[in-house]
There are 2 protein chains.
Amino acid sequence: MDERDFLCDSECIHALAVREVLENIIQDAKAKKLATLFRALGDPTRVKLIHALKLKELCVCDLGVVLNLSQSAVSHQLRYLRNLNFVKYRRQGKMVYYSLDDEHIHELFQQGLDHIEHV
Amino acid sequence: MDERDFLCDSECIHALAVREVLENIIQDAKAKKLATLFRALGDPTRVKLIHALKLKELCVCDLGVVLNLSQSAVSHQLRYLRNLNFVKYRRQGKMVYYSLDDEHIHELFQQGLDHIEHV
DNA sequence: ATAACATATGAACACATGAGCATACGTTGA
DNA sequence: TCAACGTATGCTCATGTGTTCATATGTTAT
């Protein structure tokens, strides 16, 4: 019996293959988490923001200059990344300094970079 | 002169830090590419699709069953991934078999997985 | 306490995006 | 050639997302 035998003739399902994949495929919850992780890196603004913080700790205002973005926009993106624990911050007087909180993010980012450069 | 000295008093810019970051930050075009790469992995459906194809070469119909998704939805997502050269395909009769085209994607995916599990 | 300033946040808006529907395309077998 | 079937695609809609605007919060210095 071939791996590609059909389950029923009205559909094109390869029963064995489908079953095997269904048994080993990532669970929905985990897929969702993973998607959330990648989506966080899936915006040019956030990519630049993360890269900037990878280079140096910066305050919100600095980030605005670096990214050429309004203070509000920067702050919103920072909240986004804060909620995912991608960045940490420390308050010093009126200013808040942000930096990367997660070494893994750094690695993931770097591997993505390698990819688009290596192609 | 401290690294954190101000450029002008009406703004909170740390001139040296900003300049240094501006000189080394990822270019816009590259940030865009990187974001595109990550965004492709930033959807639960595509995460599952990629993971399924990582496990086994499958036809469109199989993927529909595995992902519990309509043929159309699967096909749209496959086009998306095809355009990015994430997947390759071979026609065999009426059916089209898809598989991962890019070892790097696999690695990136795996590193993402490690991340959400390791935390 | 009050003014000044850096940052945070809620609401609104424009735009991007995933999925459904209908239909076109490509292949196979009669 | 025609019917059947697997797949691809254009259009559309609902939803998600990033930015702006206005305003609130929190800190410092007077």
Side-chain angles (χ1 to χ4, degrees), chain A residues 4 6-14 17-18 31-32 35-36 38-50 57-65 67-84 87-99, chain B residues 4 6-14 17-18 28 31-32 35-36 38-50 57-84 87-99:
Chain A
R4 299 218 175 285
F6 283 53
L7 178 59
C8 50
D9 52 298
S10 68
E11 306 198 25
C12 64
I13 302 165
H14 303 90
V18 167
K32 227 172 177 175
T36 300
F38 284 121
R39 196 164 50 239
L41 297 167
D43 175 80
T45 297
R46 283 195 293 275
V47 164
K48 291 191 75 176
L49 204 162
I50 288 168
E57 183 193 55
L58 291 169
C59 75
V60 177
C61 173
D62 292 340
L63 281 167
V65 176
L67 306 176
N68 192 30
L69 217 60
S70 74
Q71 176 269 318
S72 176
V74 172
S75 204
H76 278 295
Q77 294 292 8
L78 285 171
R79 176 170 55 170
Y80 184 116
L81 297 174
R82 233 165 44 221
N83 288 338
L84 294 171
V87 297
K88 62 187 173 203
Y89 60 96
R90 62 184 180 87
R91 179 148 223 143
Q92 185 176 310
K94 284 180 272 191
M95 286 185 268
V96 179
Y97 293 96
Y98 281 84
S99 52
Chain B
R4 301 222 174 280
F6 282 57
L7 177 59
C8 50
D9 52 298
S10 68
E11 307 199 23
C12 63
I13 302 169
H14 303 92
V18 167
D28 281 15
K32 229 173 176 176
T36 299
F38 284 123
R39 195 165 51 239
L41 297 168
D43 174 78
T45 297
R46 284 195 292 277
V47 164
K48 291 192 74 176
L49 204 163
I50 288 168
E57 183 192 54
L58 291 169
C59 75
V60 178
C61 173
D62 291 339
L63 282 167
V65 176
V66 168
L67 305 175
N68 192 29
L69 218 58
S70 74
Q71 177 269 318
S72 175
V74 171
S75 205
H76 278 296
Q77 294 291 8
L78 285 170
R79 174 168 60 171
Y80 185 117
L81 297 174
R82 234 165 41 221
N83 288 338
L84 294 172
V87 297
K88 61 187 172 202
Y89 59 97
R90 61 183 181 88
R91 178 148 223 146
Q92 187 176 309
K94 285 179 274 192
M95 285 184 267
V96 179
Y97 292 95
Y98 281 85
S99 52

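Computed from a predicted model, the values in this text were never measured in an experiment. In the text below, chain A, chain B and the rest are named by the order of the sequence lines, each starting its count at 1.
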Separation of D:dT7 C1' from B:Leu67 CG (nearest whole Å): 16 Å

Who are the side-chain hydrogen bond (donor to acceptor under 3.5 Å, both in side chains) partners of B:Arg46, not counting sequence neighbours? B:Gln77

Has B:Arg82 got a side-chain N or O lying under 4.0 Å from the OP1 or OP2 atom of D:dA8? yes

Per-nucleotide protein contact string for nucleotides 15-22 of chain C (B base, S sugar-phosphate only, - none; heavy atom under 4.0 Å): --SSSBB-

Considering residues at least two apart in sequence or located in another chain, which fulfil the side chain to side chain contact (heavy atoms under 4.5 Å, CB included) criterion with B:Arg79? B:His76, B:Arg82, B:Asn83

Does the side chain of B:Leu78 reach to within under 4.5 Å of the side chain of B:Val96, using non-hydrogen atoms? no

Nearest-Å distance, CD1 (A:Ile13) to P (D:dT7)? 11 Å

Quick one: label B:Tyr89 by what it contacts on the DNA or RNA (base, sugar-phosphate, nothing), any heavy atom closer than 4.0 Å. nothing

Once side-chain hydrogen bond (donor to acceptor under 3.5 Å, both in side chains) is applied, do any residues pair with B:Asp28, and if so which ones, sequence neighbours excluded? A:Lys48

Can you check the B:Gln92 CD to C:dT27 P distance for me, whole Å? 13 Å

Rounded interatomic separation in angstrom, taking CG from A:Asn68 and C1' from D:dT20: 14 Å

Rounded to whole Å, how long is the line connecting atom CZ of B:Arg79 with atom C1' of D:dA8? 8 Å

Take the protein atom CZ of B:Arg91 and the nucleotide atom P of D:dG6, then report the distance between them rounded to whole Å. 12 Å

Round to a whole Å and report the spacing from CG of A:Leu63 to P of C:dA8. 10 Å

Taking side chain to side chain contact (heavy atoms under 4.5 Å, CB included) as the definition, give me every residue that meets it alongside A:Lys32, ordered by chain and number, with sequence neighbours left out. B:Pro44

In whole angstroms, how far is the P atom of D:dC5 from the CE atom of B:Met95? 13 Å

Take the angle between the ring planes of B:His14 and A:Tyr97 and call it parallel below 30°, perpendicular above 60°, tilted in between. tilted

Restricting to side chain to side chain contact (heavy atoms under 4.5 Å, CB included), what partner residues turn up for B:Val18, sequence neighbours left out? A:Asp62, A:Val65, A:Val66, B:Ile13, B:Leu22

Proximity to the side chain of A:Lys94 - top-ranked nucleotide from D:dC5, C:dA6, D:dA8: C:dA6

